[in-house]
Every structure is written in C-alpha cells, then in structure tokens.
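Below is one structure, written out as structure tokens, with a few remarks after it.
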Amino acid sequence: MAPAATLKFASPVIDEATIAAVGDVLRSGHITSGPWVERFEAALSEFCAGRPVRAVTSATAAVEIALQLAGIGPGDEVITCAQSFFTVLNMIVKVGATPVFVDCDPVTRNIDLGQVEARIGPRTRALIPTHWPGSLVDMDALHALARARSLRVIEDAALVIGSRWKGTPVGAFGDLVTFSFHPNKNITSIEGGALVCNDADEARRVDILRFHGIERLPDGTRDVGFPGGKFNLPDVNARIGLAQLVRLPAFLEQRRALVLRYFERFATDPACVLPPRPADGDGQSWNMFSILLPLDRLTLSRKAFRDALAERGIATGVSYEALHLSTLGRRYGYRPGDLPNTERIADSTVTLPLHAAMSTADVDRVCEACTAIIAAHRR
Ligand SMILES: *Cc1c(COP(=O)(O)O)cnc(C)c1O
C-alpha cells in the first residue's frame, strides 16, 4: 500500500474560478494596485462595519505603517506580548521604539492584561496585543485600559479574521487593526495584509505611508516628508483576496468542524494541554490548533515528537518561540524565567495540521498518531 500523502499543517484553498479571475487581471494590462485593490478594500471595509481599510503587502507592513501612523518612534515604548510572531518585535524595533514584553495567559495565550498596568511608564505610547485563534483578547478590558491611559492600540489580528467579540467582527471596532493574508491564514492573497483605521484622514495618511511617503502637490509634482515604504498590494493579489473573502464563512465553518473533531478524538496519556474548548455561538475562528506537550512526563523531546509525526507524513509547526528570548529580544535585557507562561508554551507547543482542505479523517489520523507516539514514550 502506498503511504498516505503528507498532511500539511496549513494550506490555502484556491478554486478554479479564482485562478481564471487572476488570468483576467493579468490580461487586463493593469496588474499592480488599481481597481481590484479598491474593490478588495471596499469589501474589507464593509466587513469591518464601514471603517476605512487599506490593503498592503503583508500584516508586517500593516503593523509598521500602524506604528508610523500613531507617530511612534525613537524614545517611545510599546507594550506587547512575548507569545506572538516575530512581526510585533521586529516592527517596534524597526520604527525605533522599545518593545516592553508582558506574559500571556497559559491556556488562551492572549496577553495578560493584568500585567500591562505595571509596565506603563511615561514613554509608553501603544499596546500591541495578538489575538489567538479560539479566544480573543478581552476587548472591553483592553480598550478601557487604553482609553484610561491614553494609549493607542494596534490589534494584531493576523490569525483571527472572522472572529467576533460579542457578535461584532474583529476589525469593526477598536483603534488600529491588522490582518494577514499569508497562505497559512484564514484567507489568502498569496502575500498580503490590511490595516483598519479610524477615519478618512488616517486612511489618507496610510495611502502616503504605503507608497514611498509620496504626497502630491497642487502643481502636479511630488514631495516626500517621511521615508515611506513600498507596501502597495498588486491587483493580482487583491483579486485573489476578494474571492477568498467571499468564501471566509465556509472556510471558517470547515475549520471549526475540524477543531470540534480534534476535541472529540484527541486523547493522550499523559494528557496534553489543549486550546480553549469551543462553545456554541462563541464567535471564535480557528486558524491553528496548538497543543502543549507534557514533556516532564515523556521520554522524548518536542523535536523527537515532531520528527515522529513527520515520519508518519504529518507536518507540524511551532507557534511561537518566545520573542523576549530571541537574540533581538534579549538586547532589551530579557532573560529566561522572566515570562514563565510564554516560555513554557515556546518550549512545549506543537501546532497540528488545520486547514480548510482537510477532512475529519485527516484529524483522526493526527489524533491516532499523537496517541501512539505519546503512549510509547511515557516516563
Ligand atoms: C502571520 C502573522 C503575522 C505576519 O503576517 P504577514 O502577512 O506574513 O506579515 C503577524 N502576526 C501574527 C500573529 C501572525 O500569525
């Protein structure tokens, strides 16, 4: 019997209609930012209750622009969670500001808002919380804290487009919000991202920041007053993103069905820590299914566990390494032991396959493999 095909841990779903539509854009003669970007932005804006949205080349670009839009630079501090992707650390440093890390909740992995207050100082300008699949940051507490302390909020919503807080989609309220359309996310534009802003003035400023910092003068010439980047999304990508946005509800329904199957079938002895259990009507989206291994009760390392899954044709990921202990993070004085929940997750987490092209039989295959590998390595 042929071995089962390798199961990827993330994979985009692109239909033939979208592929044909991309051909039309390529043949149209207008392939970089143009009418399809405008349509994609209009659809995203509608999704975000009419707030202005600007498409850019990645969520990373969106975070950089958001920081610039908020006027954050050298001398400023930005509080963020160390259990997140490198983007947040990198962009804070890139604009010249100082990252201030706090720990996360051990199960939801969201920023521990209870630790934020103590880290706010005279130079603190903004908070960048990352929303985790399966559980949003407490938006009421987050925005109340930010208002009370006059801080900007840049919500890193790269993983959670489609999640709702008390019925309202992420992006439809708050301050600045960033989405990613990388192929591993809930919807894709190959590479791409978006920044949700507060009003037309901010959106105009984003138009400038995402395209060289160029401002058009009344005499038809151009000027730059700020070294802007080159982050405009091409129409080819916007066409894909627009087609994907239409399918977002179906993708999320399939992802949720797969997660429910994981909760039904995932059983190991000793037990792994699972993400927060889904509840009916909780409004959560599921981009990833990340577990924590009970390493102190096992005779194998995380690397060996992942290798054993890979031998069975099951790909996995690590989401995420501890930002404060990266070489860049340590430059700000952080040491092992500073943020125990983040470090425990970074050391023992494994992201299992979850994407809209999977079946429940695929989930069963992963669950059986995890059960067998762990059973064979009990301490
Ligand atoms: C993927 C991701 C990003 C970066 O998205 P890009 O579009 O690849 O720049 C940022 N934050 C989180 C939490 C992510 O998962």
Side-chain angles (χ1 to χ4, degrees), residues 12-66 68-69 87 91 157-158 161-162 169 171-172 176-248 251:
V13 177
I14 308 280
D15 56 27
E16 288 302 323
T18 304
I19 294 169
V22 167
D24 292 341
V25 176
L26 289 171
R27 278 185 289 267
S28 75
H30 197 123
I31 58 175
T32 189
S33 310
W36 287 107
V37 168
E38 281 176 27
R39 289 172 75 166
F40 186 33
E41 289 176 343
L44 288 166
S45 173
E46 194 181 306
F47 183 80
C48 294
R51 302 181 81 210
V53 183
R54 289 296 182 267
V56 289
T57 43
S58 67
T60 303
V63 172
E64 181 174 351
I65 293 171
Q68 292 168 343
L69 188 62
T87 288
M91 293 307 106
I161 190 166
L176 302 169
V177 183
T178 57
F179 293 122
S180 173
F181 309 127
H182 178 276
N184 288 0
K185 309 300 160 105
N186 291 343
I187 58 170
T188 187
S189 61
I190 306 179
E191 297 287 353
L195 172 57
V196 188
C197 33
N198 291 291
D199 53 38
D201 282 346
E202 281 191 353
R204 264 192 297 278
R205 186 77 192 138
V206 176
D207 289 340
I208 293 167
L209 293 169
R210 73 176 166 181
F211 195 73
H212 308 285
I214 289 175
E215 297 185 60
R216 295 182 184 279
L217 303 179
D219 70 355
T221 64
R222 297 166 295 178
D223 185 29
V224 295
F226 182 90
K230 177 67 164 65
F231 300 132
N232 55 301
L233 191 73
D235 261 17
V236 169
N237 302 73
R239 186 68 193 87
I240 299 169
L242 187 62
Q244 290 265 303
L245 186 59
V246 173
R247 298 189 63 193
L248 177 63
F251 290 156

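Ile31 CD1: 12 or fewer foreign heavy atoms inside a 6.0 Å radius.
Contact check for Arg222 versus Glu215: no side-chain heavy atoms found under the 4.5 Å cut-off. The shortest distance between side-chain heavy atoms of Arg247 and Thr18 does not fall below 4.5 Å. In this structure, the side chains of Phe181 and Ile161 come closer than 4.5 Å at one or more pairs of heavy atoms. Lys230 places a side-chain heavy atom less than 4.5 Å from the side chain of Phe211. Within the 4.5 Å cutoff, the side chain of Ile14 has heavy atoms near those of the Thr188 side chain. Using a 4.5 Å heavy-atom threshold, the side chains of Phe251 and Asn186 count as separate.
With hydrogens and angles ignored, the 3.5 Å screen pairs a side-chain donor or acceptor of Gln244 with a backbone N or O of Val13. Using modelled atom types, no side-chain atom of Thr178 and backbone atom of Leu195 make a donor-acceptor pair closer than 3.5 Å. Checking side-chain atoms of Arg239 against main-chain N and O of Trp36 turns up no donor-acceptor pair under 3.5 Å. Using a distance-only test at 3.5 Å, with no hydrogens or angles considered, a donor-acceptor pair links the side chain of Asp235 to the main chain of Gly34. A donor-acceptor distance shorter than 3.5 angstrom exists from the side chain of Ser33 to the backbone of Leu233, with no hydrogens or angles considered.
The two residues Ala61 and Thr57 come nearest to each other via the heavy atoms CB-OG1, 3.9 Å. Nearest heavy-atom pair across Ala194 and Val53 is CB-CG1, 3.8 Å. Of all heavy-atom pairs spanning Ala200 and Pro52, the tightest one is N-CG, 4.3 Å. Between Val236 and Val22, the closest heavy-atom pair is CG1-CG1, 3.9 Å. Minimum heavy-atom separation, Asn237 to Ser189: ND2-O, 2.8 Å. Heavy atoms only, all atoms of each residue included: Lys185 and Ala158 are closest at CD-O, 3.6 Å.
One finds the CG atom of Asp223 at 12.0 Å from the CZ atom of Arg216 (value rounded to the nearest 0.5 Å). Atom CD1 of Ile65 and atom CG of Leu69 lie 9.0 Å apart (nearest 0.5 Å). The line from CD1 of Ile240 to CG of Asp15 is 10.5 Å long, rounded to the nearest 0.5 Å. Remark: His182 NE2 to Ile190 CD1 distance equals 11.0 Å, nearest 0.5 Å. With rounding to the nearest 0.5 Å, the separation of OG1 in Thr32 from CG in Asn232 is 5.0 Å.
Between Phe47 and Phe179, the angle of the ring planes goes over 60°, which puts this pair in the perpendicular group of the 30/60° scheme.
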For the pair Phe231 and Arg54, evaluate side-chain contact (heavy atoms from CB on, under 4.5 Å) and give the outcome as yes or no after the intermediate values. CA-CA 10 Å; Phe231 300 132; Arg54 289 296 182 267; over 6 Å; no

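Contact check on Asp207 versus Arg204 returns no salt bridge, with no Lys/Arg side-chain nitrogen under 4.0 Å from an Asp/Glu carboxylate oxygen.
Within the structure, the salt bridge (charged side-chain N to carboxylate O under 4.0 Å, His left out) test picks out the following pairs touching residues 29-42 (sequence neighbours left out): Glu41-Arg210.
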